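Below is one structure; the comments refer to it alone.
Note that the structure is predicted; figures quoted are calculated from it, not measured. Order of the sequence lines sets the chain letters (A, B, ...), proteins ahead of strands, with each chain counted from 1.
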Amino acid sequence: MAADPLPPGWSKWNGDAEALRAFQEELAARVIVKDAYPRPLRTVAGFDVAFDENDATAHAAAVLLDATTLDVLETHVVHAPVRMPYVSGLLGFRELPALLEVLAALSVRPDLAFVDGHGIAHPRRLGLAAHFGVATDLPTIGVASRILIGESTTALHDMRGAFTTLRDEGRHIGWLLRSKPGESPLVVSPGHRVAMATAPEMTMRFVTTHRLPEPTRLAGNIAAARNG
DNA sequence: GCGACAG
DNA sequence: ATCTTGTCGC
């Protein structure tokens with residue numbers, strides 16, 4: 001069951017970050033960190049958002065891919081007004097409205113979604129990808145380029161596909177994944193309906209010759225282009 | 001008090 | 001995120 005992505009009565013940013021953080025803790029309790037997606041996967045979708053220079057408009061992109069061939073089946077971009085400034089830890093409230101709009105533009109609900117941002121590797125275990133997952137009830141994986149919170153103890157080999165644990169306060173919250181040798185690792189974490197152990201390999205399944213997995217990489221490209 | 005701080 | 005040239009590396 002999908003959850004309301006915004007707190008009751010919340011429509012625009014009023015500076016009350018504490019209220020949003022409290023709401024995140026409620027939603028975080030609804031995140032399911034277990035594999036619950038169709039098998040075999042038929043389609044996957046990647047999501048990302050870009051902003052214009054005035055930070056007035058959010059350009060959200062969605063790319064639908066064939067999960068087996070990685071062929072691009074659909075691409076969509078929507079332009080939505082920005083309702084909130086960037087506040088570390090509250091990214092979901094800033095980008096979700098636009099992401100939900102592009103999701104609606106897809107002709108089918110993807111079997112799995114990749115979102116450019118953290119899943120549960122977040123201070124309150126509700127990064128953008130987890131927020132998206134709970135709001136849509138779609139199996140979701142968060143793929144970020146940098147750590148928001150947490151640390152890894154063991155070394156990460158410089159080999160394609162190598163990964164190591166990311167933990168915070170003793171809890172396993174995600175992974176550092178070397179998607180490409182010589183490049184900084186990706187921070188991968190479950191967003192919703194995906195098990196912790198599944199996230200790295202599932203992400204690698206969509207990594208070709210670039211650091212980012214195709215769903216998120218392609219979505220980022222068209223979001224930045226602001227068309228197509 | 002001093003940094004850190006997804007996109 | 002976005003503003004930006006050349007440059008190093010595969």
Protein-nucleotide distance (A/Lys180, atom NZ; C/dC10, atom P), rounded to Å
10 Å

Atom CD1 of A/Ile173 and atom C1' of B/dA6: how far apart are they, to the nearest Å?
12 Å

Taken to the nearest whole Å, CZ/A/Phe51 to C1'/B/dA6 is 12 Å

Nearest whole angstrom, please: distance from the P of B/dA6 to the NE2 of A/His122.
11 Å

Expressed in angstrom and rounded to an integer, what is the separation of A/Arg146 atom CZ from B/dC5 atom P?
6 Å

Rounded distance (Å) that lies between atom P of B/dA6 and atom CG of A/Leu20:
18 Å

What I want to find out is whether A/Arg193 reaches A/Asp137 closely enough, with some N-O distance under 4.0 Å, to be called a salt bridge.
yes

Can you confirm whether or not the ring centre of A/Phe93 sits under 6.0 Å from the ring centre of A/His131?
yes

Using atom CZ of A/Arg217 as one end and atom P of B/dG7 as the other, report the distance to the nearest whole Å.
17 Å

Starting at CG of A/Asp158 and ending at P of C/dG9, how long is that distance when rounded to a whole Å?
15 Å

Can you identify which nucleotide, out of B/dG7, B/dC5, C/dT2, has its nearest atom closest to the A/Ser88 side chain?
B/dC5

Which part of the nucleic acid, if any, lies within reach of A/Asp55 when heavy atoms closer than 4.0 Å are counted: base, sugar-phosphate only, or nothing?
nothing

Given A/Val49, which partner from the list A/Asp116, A/Leu99, A/Val115 fulfils the side chain to side chain contact (heavy atoms under 4.5 Å, CB included) test?
A/Leu99

Hey, does A/Gly142 reach any base, or is it just sugar-phosphate, or nothing, if we go heavy atoms under 4.0 Å?
nothing

May I ask you to check whether A/Phe114 and A/Phe206 place their ring centres under 6.0 Å from each other?
yes

Regarding A/Asp52, tell me which of base, sugar-phosphate or nothing describes its non-hydrogen contacts under 4.0 Å with the strands shown.
nothing

For A/Thr164 and A/Thr154, test the side chains for any donor-to-acceptor distance below 3.5 angstrom and give the result as yes or no.
yes

Check whether any side-chain N or O of A/Arg160 sits under 4.0 Å from OP1 or OP2 of C/dC10, and answer yes or no.
no

Looking at every strand, decide which applies to A/Leu99 at a 4.0 Å heavy-atom threshold: base, sugar-phosphate, or nothing.
nothing

May I ask whether A/Tyr86 stacks on the base of C/dA1, given the cut-offs of 5.5 Å between ring centres and 30° between planes?
no

